[in-house]
Amino acid sequence: METSVVMATYNGAKFILKQLESIRMQTVPVDEVLIRDDGSKDETETIVNNFIDKYGLKNWKFTKNKKNLGWRENFSQLLNEAKGDLIFLSDQDDIWENFKVEKMTNIMKANKKIDILVSDYDQKLNKDRDDLSRDFIEEKKIKDNIYKVNQIWKNYKILRPGWTYVVRSKFVREYYNTLKEGLTDKGHDALLWRAALSKGTLYHYKQITGTWRMHESSAISSESKGRIKNKEVLNYLNSEIKVLNRLIKFTKTPEYKRKLQTKVREFVAREKFLSRKNILLGVFYVFKYSSLKRFVGDVLRVLNWKE
């Protein structure tokens, strides 16, 4: 069973060297490492190419996009380019434990029902962050430190960052690509998580496999700043409705399917209420909301609507 590592880079010169080294020093070498840069303006390209040349890493490949694709599309294309049976996702600014590939590969080999295996992590935060705790996953113990993630709405939110994942390439072809089609605003890790959760093949390895280095220049930190505009909320709702309808087709669990269908009805009601911008229509949609707090938030958006 061959393994691939895929890494999307952008202006990562300050952090990338330690991550490259942690991948090279794995107890079991990976069969393929694909690194694709999205138009960095710093020394990322030079650092990566020098590293590959220094250690003669013939199975490592660095390419640079002709135009900026954004990290979502960059990762999505890498997932489809990887030739390994198992694909490990890698950010440019984290550091892996040297046993990560070996242990997670062995688990995947021994458990054919697992399509995606996520793991735990340590955090090294910048001075402005103090969120040290990891999100709690509702799950069922299978064996030792391997757990199956429960098919419940509480677990719909992505509860582990993408770089802690190992994914079967067959799952990418058969499920991820179907879910991703036509969507540009969804991250690869969120789509992978939700597809596997809906299929019932998402598992959790309760073991720290690396350190998450959070900093202001990371993609997520950069996007998290500022208030979400009303137009962006509508785009999110439309996109999420498409995702939920596709996920309904993936799941064979009646209870979880009903929950997804309920969420579709709620999101459709929210989209109609916000797009029509008529506060009186709230009377017709309020009962579709699962949260009074969210309904009040949408009412305030309508009252203070700005494009």
Side-chain angles (χ1 to χ4, degrees), residues 1-9 16 18-37 48-49 51-65 71 73-92 94-121 142-146 160-180 187-189 191-193 195-196 199 201-205 207-210:
M1 187 173 283
E2 294 191 347
T3 56
S4 296
V5 170
V6 295
M7 180 193 298
T9 63
I16 197 169
K18 287 186 177 180
Q19 173 61 339
L20 297 175
E21 189 64 25
S22 74
I23 295 172
R24 187 182 74 86
M25 294 302 293
Q26 291 295 303
T27 53
V28 173
V30 295
D31 297 295
E32 173 188 58
V33 177
L34 300 180
I35 304 170
R36 187 198 270 193
D37 189 78
V48 175
N49 281 326
F51 186 88
I52 292 173
D53 292 341
K54 178 180 179 180
Y55 294 104
L57 302 170
K58 299 186 182 301
N59 59 329
W60 289 42
K61 180 183 178 183
F62 177 86
T63 56
K64 191 166 186 175
N65 295 329
W71 62 270
E73 184 60 27
N74 206 16
F75 260 117
S76 187
Q77 292 188 15
L78 281 166
L79 281 167
N80 282 280
E81 288 177 12
K83 295 181 175 64
D85 303 292
L86 300 177
I87 305 171
F88 287 83
L89 309 182
S90 172
D91 288 344
Q92 64 186 4
D94 305 306
I95 303 173
W96 290 3
E97 297 292 340
N98 66 352
F99 57 77
K100 175 180 177 174
V101 170
E102 180 179 7
K103 288 194 174 183
M104 294 184 76
T105 297
N106 287 339
I107 292 171
M108 296 293 278
K109 285 180 178 178
N111 298 272
K112 303 300 182 183
K113 292 182 179 180
I114 302 176
D115 281 323
I116 295 181
L117 182 67
V118 305
S119 58
D120 290 334
Y121 56 90
I142 302 301
K143 180 182 179 183
D144 299 327
N145 51 358
I146 303 172
R160 290 295 180 271
W163 67 266
T164 68
Y165 296 15
V166 58
V167 184
R168 294 193 192 276
S169 58
K170 184 178 179 182
F171 184 80
V172 172
R173 296 191 301 271
E174 296 180 359
Y175 290 90
Y176 170 79
N177 288 342
T178 299
L179 190 58
K180 173 73 169 62
H188 62 290
D189 45 2
L191 293 177
L192 287 167
W193 174 282
K199 189 169 178 277
T201 55
L202 178 62
Y203 286 72
H204 176 209
Y205 175 40
Q207 171 68 51
I208 292 173
T209 62

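Given the structure is predicted, the values throughout are model-derived calculations rather than measurements.
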Just checking, is any N or O donor in the side chain of Ser76 or Tyr176 under 3.5 Å from an acceptor N or O on the other one?
yes

Shortest non-hydrogen contact between Val5 and Ser90, atoms and distance:
CG1-CB, 3.8 Å

Considering all heavy atoms, the nearest Ser119-Gln207 contact:
CB-O, 3.6 Å

Nearest atoms (heavy-atom pairs only) where Trp193 meets Ile116:
N-CD1, 4.4 Å

Taking side chain as C-beta onward, heavy atoms only, is Gln26 less than 4.5 Å from Glu102?
no

Any side-chain heavy atom of Tyr205 sitting closer than 4.5 Å to one from Ile107?
yes

Taking only Lys NZ, Arg NE, NH1 and NH2, and the carboxylate oxygens of Asp or Glu, determine whether Arg24 and Glu21 approach each other closer than 4.0 Å.
yes

Less than 4.5 Å apart, side chain to side chain, heavy atoms only: is that true for Val6 and Ile87?
yes

How long is the span from the CG atom in Leu79 to the CG atom in Leu89, to the nearest 0.5 Å?
5.5 Å

dist Asp91:CG -> Thr164:OG1 (nearest 0.5 Å) comes out at 9.5 Å

Distance (rounded to the nearest 0.5 Å) between Phe88 CZ and Met108 CE:
8.0 Å

Quick one: does Ile16's side chain get under 4.5 Å of Met7's, heavy atoms only?
yes

Of all heavy-atom pairs between Ala196 and Phe171, which one has the smallest distance, and what is that distance?
N-CZ, 3.4 Å

Would you say His204 and Asp120 make side-chain contact, with heavy atoms under 4.5 Å?
yes

Ion pair check, Lys170 and Asp85, cut-off under 4.0 Å:
no

Atom pair OG1 (Thr105) and CZ (Phe99), whose distance is rounded to the nearest 0.5 Å
13.0 Å

Quick check for you: to the nearest 0.5 Å, what is the distance between Leu192 atom CG and Phe75 atom CZ?
10.5 Å

Listing, residues 30-37 side-chain donor-acceptor contacts under 3.5 Å, not counting sequence neighbours, or none:
residue, atom, partner, partner atom, Å
Asp31, OD2, Thr3, N, 2.8
Asp31, OD2, Thr3, OG1, 3.4
Glu32, OE1, Ser4, OG, 2.5
Glu32, OE1, Lys83, N, 2.9
Arg36, NE, Asn65, OD1, 3.4
Arg36, NH1, Gln77, OE1, 2.6
Arg36, NH2, Gln77, OE1, 3.2
Arg36, NH2, Glu81, OE2, 2.2
Asp37, OD1, Thr9, OG1, 2.7
Asp37, OD1, Ser40, OG, 2.5
Asp37, OD2, Gly39, N, 3.0
Asp37, OD2, Ser40, N, 2.7
Asp37, OD2, Ser40, OG, 3.3

Keeping Tyr165 on the side-chain end and Arg160 on the backbone end, is there a donor-acceptor pair under 3.5 Å?
yes

Heavy atoms, side chains only, cut-off 4.5 Å: are Asn106 and Val28 in contact?
no

Would you check if the side chain of Ser22 reaches a backbone N or O of Gln19 as a donor-acceptor pair within less than 3.5 Å?
yes

Heavy-atom pair of closest approach, residues Trp163 and Lys100:
O-NZ, 2.5 Å

Counting only heavy atoms not in Met1, do more than 12 fall under 6.0 Å of its CE?
yes

With side chains defined as the heavy atoms from C-beta onward, is the minimum distance between Val101 and Ile23 less than 4.5 Å?
no

Mind listing the closest non-hydrogen atom pair of Asn111 and Arg168 along with its distance?
O-NH2, 3.0 Å

Taking side chain as C-beta onward, heavy atoms only, is Lys103 less than 4.5 Å from Thr27?
no

Could you go through the ring-ring contact (aromatic ring centres under 6.0 Å, His included) check for Trp60 and Phe51 one step at a time?
CA-CA 10 Å; Trp60 289 42; Phe51 186 88; 5.7 Å; yes

